[in-house]
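Notes for the one structure printed next.
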Amino acid sequence: MRLTASPKPTLAALTLGAAALLCVATAVRAEGTAPPTRPNILLIVADDLGYSDLGAYGGEIDTPHLDAIARDGVRLTSFYSAPFCSPTRAMLMSGTDNHLAGFGGMAELLTPDQKGRPGYEGFLNDRVVPFPQLLRDSGYHTYMAGKWHLGVTPEVSPARRGFEQSYAMVQGGAGHFDQTGIITGDPAKPPRAIYNENGQLVDVPTRGFYSSEFFARRMISYIDRGRGDGKPFFGYLAFTAPHWPLQAYDETIRKYEGRYDVGYDAIRDKRTTRQKALGIIPKDAQVYTGHPLWPKWSTLTAAQKQTESKRMAVYAAMVDDMDYYIGEVVNYLKKTGQYDNTLILFMSDNGADGNTALDEGRTREWVKTRMDNSLANSGRKGSYIDYGPNWAQVGSNPFHLYKGFLYEGGISVPFIASWPALGRKGQISDSFAHTMDIAPTLLELAGARHPGTEYQGRAVLPLRGRSMLAMLTGQRDSVHPADHVHGWELGGRKALRKGDWKIVYSNRQWGTGDWELYDLSKDRSELNNLAASQPAKLSELVAEYERYVREVGVVDIPGLAERKGYSNGTRYFEDMQ
């Protein structure tokens, strides 16, 4: 439980190229410690955090520790993920496309036509070499605490994918105060989440467990065990916050109660103003204010407004709590003299989530009969709430839609890099970068090599990502060439970006049911579809997308985007009753 406030960390930042970085790291080492040869790395991933939630990205939620990291590091405003969590994590670990790494579809949502096809295994497959394995091979300690979501069996656990020590929730989500799962096929049997430690099944503590606290402190314990042996560490701290079910400490929720009574538009307007002032979005940026399917704040009943305000308060409390425990990890590194030689990266795995799992299996029946979602109990153990499409749209501000979609709101995420050797303190970059770029970045920083096409006697896939190190250190302005091409596909929804041009397809009701075309240099909120007025550019990008499909092995299934259930549900306000 949060009993005392952590001292506010003031972080410094990162510069120069790989060899020079090591020299700088040695020079700034804590007094009395052995000279490090390579930096430690701490990679922090939030689960379903919105683009605009952090204070450093314009949000009103109190995130002092992450804001401090951002002030002393580099923020990226054009960093991209997949539209769902496990495909992003597959690309993160592998440095290649999700269709090649085993997550051409979400494991939970694979269709009979996809199952058994290469790239649709539903676990991180053996065609890739996870970069933590390569760091471990090169002499790093490798630690993981939090959400895995890259395979549920011991054979594909973190322990078999390069992690020396790991404590993992292996599925897509779980309760934050206990081991309750999130989706069930039997409303009479509450689902139970699966955890393992070092590949062995474990149960979380029955008392005093809260996910963000537990994972942060487990990471600290792992780092502390290896301290002083001369080996650098890689720590992967993968929070399950703020993924639904939304749950937080009572005292943190109380801090935010009433703050959101003003409604969606007022909070969005404040975030927009702050984003422009910070330089996160251009001064003339236009804002996507939400899909017409969803009601405006002014049309809600008094009871609906009260419920919506409370749910957003719980969500904000989760983000606040996560930030608090990130502060604990940072303060531990400072107190033990390891902070000055630690690169910290922070990102979200996809856009804010306006969808609900109630449409999957018989989860809706279970929640309605077994969970207490009363206003007073919302956010506590035994409740099961999400915060719906309108707050998620605020979280994705200023972009179009949210998680599950390939519009900017589903795949544009915050990204921060900080290390005391960094020379770009407080700077912001709009360089395009992607989750696949993290693996080559960290391998370069660590002086480790990807094996290319063969590893330990088996054929493997090369990296598709590109190192960000020269951009992060200010040696180059960009990671990729100006005409770089990047494709996405998930669940039948599709997109491709070439330079500043982007095509995107979404099924009707959410989109046009056909390719849409946007000039992101002028319209990153995707408000002005140019498909009809720019047919040549549309054809050019569609041809590039077809090339991408062939390269990565997309299984194109007609009508897949219309699949009923998650990300096509429309019952949020009905379920609120």
Side-chain angles (χ1 to χ4, degrees), residues 1-14 39-57 59-76 79 92 143-147 167-169 176 209-224 233-243 247-249 251-252 255-256 315-336 338-349 413-420 422 438:
M1 180 174 292
R2 291 174 53 167
L3 298 176
T4 59
S6 297
K8 183 177 181 180
T10 53
L11 310 183
L14 187 156
N40 303 313
I41 302 164
L42 177 62
L43 171 60
I44 306 171
V45 178
D47 197 357
D48 293 354
L49 181 79
Y51 185 83
S52 70
D53 285 333
L54 302 182
Y57 278 79
E60 73 294 329
I61 302 172
D62 294 335
T63 53
H65 301 100
L66 284 167
D67 294 349
I69 294 171
R71 283 194 303 272
D72 291 330
V74 176
R75 275 166 286 176
L76 303 191
F79 187 84
L92 176 66
Y143 309 130
M144 186 260 176
K147 177 173 172 176
Y167 197 109
M169 192 279 293
H176 297 277
F209 176 82
Y210 182 65
S211 66
S212 294
E213 176 183 27
F214 184 86
F215 295 139
R217 292 181 178 175
R218 183 56 57 115
M219 179 57 66
I220 290 172
S221 73
Y222 287 155
I223 296 171
D224 204 54
F233 71 80
F234 166 68
Y236 176 40
L237 180 52
F239 289 99
T240 51
H243 192 291
Q247 296 174 338
Y249 288 125
E251 59 265 37
T252 320
K255 175 179 175 181
Y256 291 94
Y315 176 90
M318 291 184 76
V319 176
D320 187 312
D321 283 336
M322 178 183 68
D323 179 83
Y324 178 92
Y325 291 110
I326 289 172
E328 282 198 353
V329 178
V330 170
N331 288 331
Y332 161 79
L333 294 174
K334 289 186 172 184
K335 290 174 183 176
T336 55
Q338 300 177 83
Y339 169 78
D340 285 345
N341 193 42
T342 301
L343 167 67
I344 299 175
L345 303 179
F346 174 86
M347 62 176 286
S348 179
D349 63 349
V413 298
F415 179 91
I416 304 168
S418 182
W419 186 28
L422 182 68
I438 290 178

Gly55 backbone acceptor or donor facing Thr63 side chain under 3.5 Å: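 Side chain of Thr63 to backbone of Gly55: a pair is present.
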Euclidean distance, [Y] [atom2] relative to [X] [atom1], rounded to 0.5 Å:
X: Ile41; Y: Ile344; atom1: CD1; atom2: CD1; value: 12.0 Å
X: Leu343; Y: Ser418; atom1: CG; atom2: OG; value: 8.0 Å
X: Tyr143; Y: Asp224; atom1: OH; atom2: CG; value: 9.5 Å
X: Ile44; Y: Tyr325; atom1: CD1; atom2: OH; value: 15.0 Å
X: Thr336; Y: Asn331; atom1: OG1; atom2: CG; value: 10.5 Å
X: Leu66; Y: Arg71; atom1: CG; atom2: CZ; value: 11.0 Å

Heavy atoms only: give me the nearest [X]-[Y] pair and the separation to one decimal.
X: Pro420; Y: Tyr339; result: CG-CE2, 3.6 Å
X: Leu237; Y: Met219; result: N-CE, 4.0 Å
X: Ser212; Y: Ala241; result: OG-CB, 3.6 Å
X: Ala56; Y: Asp67; result: N-OD1, 2.9 Å
X: Phe415; Y: Ile438; result: CE1-CD1, 3.9 Å
X: Tyr315; Y: Leu49; result: OH-CA, 3.7 Å

Would you say the side chains of Asp320 and Thr252 form a donor-acceptor pair under 3.5 Å? no
Please report whether the ring centroid of Tyr167 lies less than 6.0 Å from that of Phe214.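 Yes, the ring of Phe214 comes within the 6.0 Å limit of the ring of Tyr167, centre to centre.
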Ring centroids only, cut at 6.0 angstrom: are Tyr57 and Tyr51 within range, meaning strictly under it? yes
Using the side chain to side chain contact (heavy atoms under 4.5 Å, CB included) rule, take Phe239 and Asp47 through it: C-alpha gap first, then chi angles, then the decisive distance, then the call. CA-CA 6 Å; Phe239 289 99; Asp47 197 357; 5.8 Å; no
Got His65 and Val330 here, is their nearest side-chain heavy-atom distance under 4.5 Å? no
From CA spacing to verdict: side chain to side chain contact (heavy atoms under 4.5 Å, CB included), Leu92, Leu43: CA-CA 10 Å; Leu92 176 66; Leu43 171 60; 3.9 Å; yes
Passes side chain to side chain contact (heavy atoms under 4.5 Å, CB included), Gln338 versus Tyr332? Steps please. CA-CA 8 Å; Gln338 300 177 83; Tyr332 161 79; 3.3 Å; yes
Test side chain to side chain contact (heavy atoms under 4.5 Å, CB included) on Leu42 and Asn40; report intermediate values, then the result. CA-CA 7 Å; Leu42 177 62; Asn40 303 313; over 6 Å; no
Please work out whether the ring planes of His176 and Tyr210 are parallel, tilted or perpendicular, with thresholds of 30° and 60°. tilted
